[in-house]
Amino acid sequence: MNAIRTTFLLAVLTGLFMAIGFVIGGRGGMMLALLMALMMNMFSFWNSDKIVLRMQNAKAISFQQSPDLHEMVARLSQNAGIPSPQIYLIESDQPNAFATGRNPENAAVAVSTGLIKRLSYDEIEGVVAHELAHIRSRDTLTMTITATLAGAISMLAQFGLFFGARNSNSPIGPIGSILMVIVAPIAALLVQMAVSRVREYEADRDGAEITGNPEALARALDKIANHAKQISNVYARRSPGMAHMYIINPLAGKRGDNWFSTHPNVKNRVAALMEMAKEQQLSQNESWPRSRHNAAQQTGHAQSAPRSAGWRVPKTARDQRDNNDTSKGPWG
């Protein structure tokens, strides 16, 4: 049902794109708009991961820089039944994460330094598993194409405002043209929000199944949402069209940013995960895949995370400024 709904919403976006083309240039403009939409989607298909990672200033992390993070991603990827994606680091104090890539074989997961510092091991597992669920369902490609189409509709609408709306020979008249170029971008944004919200609930549930620990993901969502209101994400603000790709809206800290939120209400997501934990009775169900950290907690042998290089955030330019920060997570 979610796949059908997503396909329908993408079709609506394409229809809006063609409608603006029709306003600007009649049938010829509509066909040209359709051709442009196809070309943009093809470009997004092959280059979506590179575009998003570059816009968010994400840097690749080698195994030597963070072996434990690589081990976590590899283990959870095995649980999810997909190849282990590339791992990237975003130098941002705001805890957050996103996934990108056209398919599971060409995917990447990016986590922020704030996520590693401020969340516990099992909470980071929940976040990573959520992103792996997006990759497995190919949501990363869907969301990139959605963002591309929504941005193109806004751009084309502005073009139509100066040309099509002033054209007295427009198929729907000048007044209809003006209304179209105003309404179309808003409708595109609403469709983009709908696509994102549909995929987030499913990724929450799939991510919880990958780790077998819905409560950890619920805690992570709550923490990230609270920090996002207080800590700005510079790179997300520079490219607000990519905000829907993060696990939590990275723009929640400024007034007005939540008016057209691309993410479901965090309280509803947390409630759904807690209900899932209750239904499955995970604390007594040993059939779920467990990490070595969770297993150690259950047996009473859990120890604090070792302070080795593998548990620390890879060195960045901000390390010296962070020395006085006492809110440290499992990677230091």
Checklist line | Exercise: identify the closest heavy-atom pair between N79 and I210 | finding: ND2-O, 3.4 Å
Note to self: Would Q65 and H70 count as a side-chain hydrogen bond (donor to acceptor under 3.5 Å, both in side chains) here? Give the steps.
What the structure shows: CA-CA 9 Å; Q65 288 176 292; H70 274 264; over 6 Å; no
Next item on the list: Indicate yes or no: does R118 engage D93 in a salt bridge with an N to O separation below 4.0 Å.
Entry: no
Check: If you measure from CZ on R219 to CG on L221, what distance do you get to the nearest 0.5 Å?
Finding: 11.0 Å
Notebook entry, point to check: For A228 and I248, which heavy atoms make the closest approach, and how far apart are they?
Noted result: CB-CG2, 4.5 Å
Check: Hey, is the main chain of A80 close enough, under 3.5 Å, to the side chain of R136 for a donor-acceptor pair?
Finding: yes
Check: Is the backbone N or O of P250 less than 3.5 Å from a side-chain atom of Q94, with the two atoms forming a donor-acceptor pair by type?
Finding: yes
Note to self: With rounding to the nearest 0.5 angstrom, report the CD1 to CD1 distance, I224 to I231.
What the structure shows: 11.0 Å
Check: Considering only heavy atoms from C-beta outward, does the side chain of T140 approach that of N103 to under 4.5 Å?
Finding: no
Notebook entry, point to check: Is E123 reaching over with its side chain to a backbone N or O of S120, donor-acceptor style, under 3.5 angstrom?
Noted result: yes
Item checked: For the student: nearest non-hydrogen atoms of V109 and L132, plus distance -> CG2-CD2, 4.2 Å
Margin query: Atom CD of residue position Q78 - does it have more than 12 heavy atoms of other residues, nucleotides or ligands inside 6.0 Å?
Written below: no
Notebook entry, point to check: Going by an N to O cut-off under 4.0 Å, is there a salt bridge joining E202 and R199?
Noted result: yes
Notebook entry, point to check: Transitively linked via ILVMFWY side-chain contacts under 4.5 Å: L89 with F63?
Noted result: no
Notebook entry, point to check: Could you walk me through whether Y88 and Q56 pass the side-chain hydrogen bond (donor to acceptor under 3.5 Å, both in side chains) check?
Noted result: CA-CA 10 Å; Y88 287 78; Q56 301 305 307; over 6 Å; no
Item checked: Minimum heavy-atom distance A110-A58, with the two atoms named -> CB-CB, 4.4 Å
Notebook entry, point to check: Out of V73, N106, V128, which one pairs with P85 under the side chain to side chain contact (heavy atoms under 4.5 Å, CB included) rule?
Noted result: V73
Next item on the list: Determine, for K59 against E91, whether the closest basic-nitrogen to carboxylate-oxygen distance falls under 4.0 angstrom.
Entry: no
Check: Rounded to the nearest 0.5 Å, how far apart are CD of E200 and CG of N265?
Finding: 13.0 Å
Next item on the list: Answer yes or no: is there a side-chain heavy-atom contact under 4.5 Å between N213 and E125?
Entry: no
Item checked: Inter-residue atom distance Q86.CD - L53.CG, 0.5 Å rounding -> 8.5 Å
Notebook entry, point to check: If you take all heavy atoms of A220 and V127, which pair is closest and at what distance?
Noted result: CB-CG2, 3.7 Å
Check: Quick one: OG on S92 to CG on L115, what's the gap to the nearest 0.5 Å?
Finding: 10.5 Å
Notebook entry, point to check: Less than 4.5 Å apart, any side-chain heavy atom of M276 and any of E209?
Noted result: yes
Checklist line | Heavy-atom donor-acceptor pair, S112 side chain to N96 backbone, under 3.5 Å | finding: yes
Margin query: Any non-hydrogen side-chain atom of Y201 less than 4.5 Å from a side-chain atom of D206?
Written below: no
Notebook entry, point to check: Under 4.5 Å between any side-chain heavy atoms of N233 and Y246, yes or no?
Noted result: yes
Note to self: Can you give me the closest heavy-atom contact between E131 and A99, atom names plus distance?
What the structure shows: OE1-N, 3.1 Å
Notebook entry, point to check: Are M274 and L119 linked, directly or through other ILVMFWY residues, by side chains that come within less than 4.5 angstrom of each other?
Noted result: yes
Margin query: Can you tell me how far apart CD1 (I116) and CG (D68) are? Round to the nearest 0.5 Å.
Written below: 11.0 Å
Check: Between the main-chain N or O of L217 and the side-chain N or O of H130, is there a donor-acceptor pair closer than 3.5 Å?
Finding: no
Check: Would you find a donor on one side and an acceptor on the other, under 3.5 Å apart, between the side chain of T211 and the backbone of G126?
Finding: no
